[in-house]
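The structure appears below as structure tokens.
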Amino acid sequence: MIKKWYFYASLIVIITFLSLGFKPFNLETKPWFLTEKTDGEEYLFPSQEEDDYPILTNLNIPFTGNHLIGFKEAVAFKESQGKYRLVNSLGYMGKYQFGSKALRAIGVRNDKAFLKDPALQEKAFIALLSKNKWILRREIRKYEGKIIDGVEITESGILAAAHLGGAGSVKNFFKNKGSRHFRDAYGTSLRSYMRAFGGYDLSFIEADSNATIND
């Protein structure tokens with residue numbers, strides 16, 4: 001009799017434990033997520049602060065595919081595997097591996113503060129894209145859609161290459177019709193960035209010669 005009682009008691013405990021373990025997951029219990037509705041669809045982002053997403057309220061598209069968010073994350077993964085605190089052996093900093101010179105050009109004066117601030121890094125990336133898009137506006141207009149040195153030229157490829165080597169290096173690439181291959185200190189070429197990051201839609205980015213993080 002006692003053995004049966006232990007058996008049934010144990011069975012009840014096991015059933016109760018298993019039923020709790022399969023309780024449906026409720027996203028509404030996670031207040032740190034931001035929910036955004038776009039075109040009748042609902043998208044989930046890993047923060048409830050809209051300021052963490054500079055383009056969220058301005059760009060009415062999902063953060064996927066060949067849009068700006070896809071471009072940003074692809075470049076970030078190539079540069080730092082998406083690590084905001086990373087500093088490489090040459091002193092380039094953050095998720096997008098900015099150098100001090102590039103930071104000064106968009107109004108960032110404090111490198112240490114920049115490295116500790118993910119939202120600032122995201123704003124800096126957008127600002128630099130805007131500035132480079134203005135500097136390279138003629139090259140984008142003239143060469144987009146053409147094949148140079150075996151690479152189809154696109155706006156996003158040009159801007160990715162400018163992030164790697166600077167707008168001046170991209171101008172020289174086109175001036176020499178791709179015959180002179182710029183490479184960074186680690187051997188990465190402009191050509192490889194133009195190929196790898198081509199085809200993204202960066203029409204949201206406005207060309208702005210005075211783009212800074214304060215805009």
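Being a predicted model, the structure only gives us computed values, none of them experimental. We count residues from 1, following the sequence as given.
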Next item on the list: Decide salt bridge (Lys or Arg N to Asp or Glu O under 4.0 Å) for Arg104 and Asp111; before the verdict, give the C-alpha distance in whole Å, the side-chain angles of both, and the deciding distance to 0.1 Å.
Entry: CA-CA 9 Å; Arg104 303 298 177 267; Asp111 292 354; 2.9 Å; yes

Check: If you take all heavy atoms of Arg195 and Val151, which pair is closest and at what distance?
Finding: NH2-CG2, 3.6 Å

Check: Does the side chain of Leu68 come within less than 4.5 Å of Leu129's, by heavy atoms?
Finding: yes

Note to self: Test your reading of the model: is there a side-chain donor-acceptor pair from Asn176 to the backbone of Gly178, 3.5 Å cut-off?
What the structure shows: no

Notebook entry, point to check: Does any non-hydrogen side-chain atom of Gln97 lie less than 4.5 Å from one of Val87?
Noted result: no

Note to self: Can a donor-acceptor pair be found, under 3.5 Å and without considering hydrogens, that links the side chain of Gln121 to the backbone of Lys95?
What the structure shows: yes

Margin query: Check Glu122 with Lys72, please: is the shortest side-chain N to carboxylate O separation under 4.0 Å?
Written below: yes

Next item on the list: Report yes if the side chains of Lys116 and Tyr84 come closer than 4.5 Å at any heavy-atom pair, otherwise no.
Entry: no

Check: How many angstroms lie between CD1 in Ile213 and CG in Leu128, if you round to the nearest 0.5 Å?
Finding: 12.0 Å

Check: So, do Leu190 and Ser169 sit near enough that their side-chain heavy atoms are less than 4.5 Å apart?
Finding: yes

Note to self: How about NZ on Lys133, more than 12 heavy atoms from neighbouring residues, nucleotides or ligands closer than 6.0 Å, or not?
What the structure shows: yes

Next item on the list: Please determine if Asp117 and Lys123 form a salt bridge, counting it only when a charged side-chain N lies under 4.0 Å from a carboxylate O.
Entry: no

Item checked: Note: Asp149-Arg191 ion pair, threshold 4.0 Å (strictly below) -> yes

Margin query: Donor-acceptor pair, distance only, cut-off 3.5 Å: does the side chain of Arg137 make one with the backbone of Arg141?
Written below: no

Check: Taking the six-membered ring for Trp, are the ring centroids of Phe98 and Tyr92 within less than 6.0 Å of each other?
Finding: no

Next item on the list: Write down the atom of Ala211, the atom of Ala127, and the distance for their closest heavy-atom approach.
Entry: CB-O, 3.4 Å

Checklist line | Approximate separation, where rounding is to 0.5 Å, of Leu164 CG and Leu159 CG | finding: 13.0 Å

Notebook entry, point to check: If you round to the nearest 0.5 Å, how far is CD of Glu144 from CD of Glu152?
Noted result: 9.0 Å

Check: Any side-chain heavy atom of Glu155 sitting closer than 4.5 Å to one from Leu136?
Finding: no

Next item on the list: Using atom types as modelled and distance alone, determine if a side-chain donor or acceptor of Lys78 lies under 3.5 Å from a backbone N or O of Glu73.
Entry: no

Note to self: Taking the side chain as everything from C-beta on, heavy atoms only, tell me whether Glu139 gets closer than 4.5 Å to Lys142.
What the structure shows: no

Check: When rounded to the nearest 0.5 angstrom, what is the spacing between CD1 in Ile205 and OG in Ser130?
Finding: 5.0 Å

Margin query: Looking at Lys131 and Glu206, is any side-chain nitrogen of the basic one under 4.0 Å from a carboxylate oxygen of the acidic one?
Written below: no

Next item on the list: Drop me the distance from Ile158's CD1 to Ile153's CD1, to the nearest 0.5 angstrom.
Entry: 6.0 Å

Margin query: For His163 and Phe71, I'd like to know if the aromatic rings sit close, meaning centre-to-centre distance below 6.0 Å.
Written below: no

Notebook entry, point to check: If two hydrophobic side chains count as joined below 4.5 Å and joins carry through other members, does Leu120 share a cluster with Leu86?
Noted result: no

Checklist line | Ser80 (side chain) donor-acceptor with Tyr96 (main chain) under 3.5 angstrom | finding: no

Notebook entry, point to check: Are Phe125 and Phe77 joined in one hydrophobic group, where the rule is that I, L, V, M, F, W and Y side chains link up if heavy atoms are under 4.5 Å apart?
Noted result: no

Note to self: Walk me through whether Met93 and Ser100 qualify under side chain to side chain contact (heavy atoms under 4.5 Å, CB included).
What the structure shows: CA-CA 8 Å; Met93 299 168 284; Ser100 293; 4.1 Å; yes

Notebook entry, point to check: What class does the angle between the rings of Phe174 and Tyr143 fall in, given that below 30° is parallel, 30 to 60° is tilted and above 60° is perpendicular?
Noted result: parallel

Item checked: Pairwise distance CG(Asn210) to CG(Asp208) - rounded to 0.5 angstrom -> 5.5 Å

Note to self: On a heavy-atom basis, which atom in Ala167 and which in Ile135 lie closest, and how many Å separate them?
What the structure shows: CB-CG2, 3.6 Å

Note to self: Below 30° counts as parallel, above 60° as perpendicular, anything between as tilted: where do the rings of Phe197 and Tyr200 land?
What the structure shows: tilted

